[in-house]
Amino acid sequence: MKKESVRNRLNEILNQAPDLKRIFLSADSIQSKKIKIRKFLSGMLMATFEDNPTIPPLEWVLTRDAIGVFRTILSSRSERLAGFSFLKYINSLLNNPDFDSLPRPRAGFFAELEHLIRGVVGKTGIYPEKIPAFTKYEGRKAAKLRSSELSRMAATTRKFIDRYPSGLDKNIIRKRSFNKARVLKYFGATELEWEQWKWHTRHIIRDVGTLSELIKLTPEEYQAVQLARQYKIPFGITPYYLSLMDYSPEEGNDLGVRAQVIPSLHYIEQMNRMRDSKECSMDFMLERDTSPIEGITRRYPNIVILKPIVTCPQICVYCQRNWEIEDVHSPHAAMTRDKLHKAVEWIADTPEINEVLITGGDPLLLSNANLERLLARLAQIKHVERIRIGTRMLVTLPQRITDSLIRAINHYHHPGRREIMIVTHFENSYEITPQAMGAVQKFRRYGIDVYNQLVYTVFNSRKFEASALRLKLRLIGVTPYYTFNTKGKEETDDFRVPIARLLQEQKEEARLLPGSVRTDEIVFNVPGLGKNYLRATQHHDIISILPDGCRMYEFHPWEKKLELVDTYIYTDVSIHEYLKKLKSLGERRANYKTIWYYY
Ligand code: SF4
């Protein structure tokens, strides 16, 4: 963008706030501009609390929030933490003759600035001009009008939710039976073999030749899978999960299913680059720094993660443990008996630990006997009151949930003494099938609860998409538990969703569901620190907006009032770029217009 165009655009934005524009264009020093902008913001803030008639009702909340963000961004502390001064940057773009030495502002930067200023001056325009009719009446008349208004809202919600088919829909069940027949024919297998989980693990699809004979791939998918094999990047899909994919990507329903296991070229290139340069940033969660003994991760006072096996029957592209998963269903991935024994002894010697999350990898890849041996040993430890089993097998291979497995697990589930719970990972409603429901119900029949952790990615973040999943999960007996922000791992950039979208989804979509359905908490699993509750604004701050339109956040540790622990600085993805991705998936930007006002 040329100098004149940049300046014209900035002037256009600042026209929303003439006082602010005057300050920016004055010949004052940067320090004096900062002081004047602060005064201006304080004045605006006071006005919001004084019932300013120029700010429409309800807008004042947005104004208060936007002013808070602007003030934080201006602070010297934020500038130091971000290593960037938002104020100096805008000032230089407007007034500095040395314009060419500055990084060019991207469209996302202008969009952020424009919405921030609109927020500050109470001109977001997100509320309709007309006040709802029911507010003018009382009693039955008001109730009837309100009821019609709520029906209209419910109908809109339903229209969105109906866009996302589930694997329980009759036509999808029929489609899947054809898919299954195609897979069975390809492998020359029988219906009986299909029901045996070990048949599936013996026939995991690991190469592009087999995959492209079973489903139609886009040229990019083909190339990425081919390169995955060449670069030895873990890749694999179970025949069952493959049967959830439509034959052709043009059918348009299985995007979320494909994207989870078929990597993008960007992912393959990044993974290859990082492995070559031996960067350990792949361990984004800094598990190496939170592991007191091999196989154990500890981030909380009472809970530990135990990883008896670090492989899975198929590989999720965005897996946070991709740094330690060597291959799909790898024969060398289980801990040796000796090491596992030492890890369990460490738990036995640490009386503060009340809860053990057995994960990996997928621990249900262990044989029943090995799993039962581990559960039996943990059950002998008096201070372990809860054992969580983290598994995706209900989604990737529900045939694994056999009656004998359930009996082995149930044996250690003693109400009042020790709870065993299952935590699984459905990503979208298309994954919910009669087989998956059957697997969930087997656990539920024995009183074992099943919870879901959703990783919120571009491929399940469309309007009401997560709501469609939550509703179906509850119907099959799964309780939504956590919704995770995607990690800031470079190789998974294609998946990342801005934090503002998680907040928007909670307020504008999840909120419309009954409380018994929207039971999940939105969190950012902060590297080295653990879960940060995104809904709690006091747990994070925006400290800058960068020239590429990305927001920078400072995350506070969960134990900040208890211990002195450092904060974590995080660069989010640009909202503008995210909206562009949604548009390429056929979404209307207008449906997401309030996203800018979530911080
Ligand atoms: S199931 Fe979990 S551990 Fe396994 S690949 Fe997927 S995200 Fe990673």
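Since the structure is predicted, the reported quantities are computational estimates derived from the model, not experimental observations. One-based numbering, in listed order, for ligands and for the atoms of each.
A salt bridge does not link E509 with R518: none of the charged nitrogens is closer than 4.0 Å to a carboxylate oxygen. With respect to R258 and E221, a salt bridge is recorded, a charged nitrogen being found less than 4.0 Å from a carboxylate O.
The cationic group of R551 does not satisfy the cation-pi geometry with Y598, failing either the under 6.0 Å distance to the six-membered ring centre or the 45° limit from the ring axis.
Note on C319: counted as a metal contact of atom 8 (Fe) of ligand 1, an N/O/S atom lying under 2.8 Å.
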(request) Any chance you could lay out the ring pair (Phe, Tyr, Trp, His ring centres under 6.0 Å) test for F187 and W199, step after step, and finish with the verdict? (result) CA-CA 10 Å; F187 287 111; W199 178 84; 5.8 Å; yes
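Short contacts between ligand 1 and C312, defined as distances under 4.0 Å to a heavy atom of the residue, involve ligand atoms 1 (S), 3 (S), 4 (Fe), 5 (S). Residue G361 has at least one heavy-atom neighbour below 4.0 Å for each of these atoms of ligand 1: 3 (S). Close approach to R392 involves these atoms of ligand 1, each under 4.0 Å from a residue heavy atom: 1 (S).
Closest protein heavy atom to atom 5 (S) of ligand 1: C316 N, 3.4 Å.
The shortest distance between side-chain heavy atoms of R444 and D449 falls below 4.5 Å.
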